[in-house]
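Structure first, commentary second.
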Amino acid sequence: MQYTIGQFAALTQLSSYTLRYYEKEELLQVARDAAGRRRYTDADVAWLQFIKRLKETGMSIHNIRSYARLRYQGDATLAARLALLEQHKLSVVEEKLKWEQNLVKLEEKISADCKMKLNT
């Protein structure tokens with residue numbers, strides 16, 4: 001199926017401005033029809049969902065761009081793409097550990113404050 005930019009924006013819950021920005025930043029390569037209008041596909045939907053996931057997990061636009069460039073070059077870049085994802089996974093795991101440690105400290109503080117409140 002093919003989508004106009006407006007349809008694709010609604011489908012992906014991103015603005016047309018953001019989609020144009022992603023295209024400008026080379027995160028997304030979009031086919032165009034004979035009149036020059038953007039035509040998005042279901043494959044673009046899946047790719048954009050992956051981009052959103054990378055962003056949500058803290059990958060920089062620079063690294064997403066690097067991954068996208070490799071992806072658009074084809075299967076010969078699979079090893080390089082996997083290396084990028086493994087590196088990002090390590091960053092996500094480190095960040096997760098920091099959040100878990102902060103959560104423990106927060107729970108300790110809440111518990112201590114609750115005990116103080118009960119004793120007053």
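What you see is a predicted model; the values in this text were computed from it and never measured.
- The structure places CZ of R81 at 15.0 Å from CZ of R69, a figure rounded to the nearest 0.5 Å.
- A salt bridge links E23 with R32: the closest approach of a Lys/Arg side-chain nitrogen to an acidic carboxylate oxygen falls below 4.0 angstrom.
- The OG atom of S16 sits 8.5 Å away from atom CZ of R38, with the distance rounded to the nearest 0.5 Å.
- Just one of R20, R37, R39 meets the side-chain contact (heavy atoms from CB on, under 4.5 Å) condition when paired with I5; it is R20.
- Note: Q13 CD to Q49 CD = 10.0 Å, rounded to the nearest 0.5 Å.
- A chain of hydrophobic side-chain contacts below 4.5 Å, direct or via other Ile, Leu, Val, Met, Phe, Trp or Tyr residues, connects L48 to Y72.
- Classification of the Y3-F8 ring pair by plane angle, with boundaries at 30° and 60°, yields tilted.
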Trace of the side-chain contact (heavy atoms from CB on, under 4.5 Å) decision for T4 with Y40: CA-CA 6 Å; T4 65; Y40 297 89; over 6 Å; no
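- For CG of D113, the number of neighbouring non-hydrogen atoms (other residues, nucleotides, ligands) closer than 6.0 Å is greater than 12.
- When atom types are taken as modelled, the side chain of T77 and the backbone of Q73 share no donor-acceptor pair closer than 3.5 angstrom.
- V45 and Y21 end up in the same hydrophobic cluster when Ile, Leu, Val, Met, Phe, Trp and Tyr side chains are linked at under 4.5 Å.
- Each of W47 and L82 belongs to its own hydrophobic cluster when Ile, Leu, Val, Met, Phe, Trp and Tyr are linked at side-chain heavy-atom distances under 4.5 angstrom.
- Atom CG of L19 and atom CG of L27 lie 11.0 Å apart (nearest 0.5 Å).
- Checked for salt-bridge contact, K98 and E95 meet the test: a charged N lies under 4.0 Å from a carboxylate O.
- Under the 4.5 Å side-chain criterion, counting only non-hydrogen atoms from C-beta, I64 is not in contact with H88.
- Here the side chains of T12 and D44 are not in contact, with every heavy-atom distance at 4.5 Å or above.
- With respect to R65 and E26, no salt bridge is recorded, no charged nitrogen being found less than 4.0 Å from a carboxylate O.
- Ion pairing of K52 with E56 is absent here, as no side-chain N (NZ or NE/NH1/NH2) approaches a carboxylate O to less than 4.0 Å.
- Heavy-atom contacts from other residues, nucleotides or ligands closer than 6.0 Å to CD of Q87 number 12 or fewer.
- Rounded to the nearest 0.5 Å, atoms CG (L11) and CG (D42) are 8.0 Å apart.
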Step-by-step side-chain contact (heavy atoms from CB on, under 4.5 Å) determination, E100 to V104: CA-CA 6 Å; E100 288 171 348; V104 167; 5.8 Å; no
Audit row: L84, R71, side-chain contact (heavy atoms from CB on, under 4.5 Å) steps and yes/no: CA-CA 11 Å; L84 256 171; R71 176 186 178 268; over 6 Å; no
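- With rounding to the nearest 0.5 angstrom, the OG atom of S91 is 11.5 Å from the CD atom of E86.
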Stepwise salt bridge (Lys or Arg N to Asp or Glu O under 4.0 Å) test for E108 and K105: CA-CA 5 Å; E108 288 172 358; K105 294 297 180 186; 3.7 Å; yes
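- Aromatic ring orientation, F50 versus Y67: tilted (interplanar angle from 30° to 60°).
- M1 and L28 end up in the same hydrophobic cluster when Ile, Leu, Val, Met, Phe, Trp and Tyr side chains are linked at under 4.5 Å.
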Chi angles and distances behind the side-chain contact (heavy atoms from CB on, under 4.5 Å) call for L78, L70: CA-CA 8 Å; L78 186 57; L70 291 168; over 6 Å; no
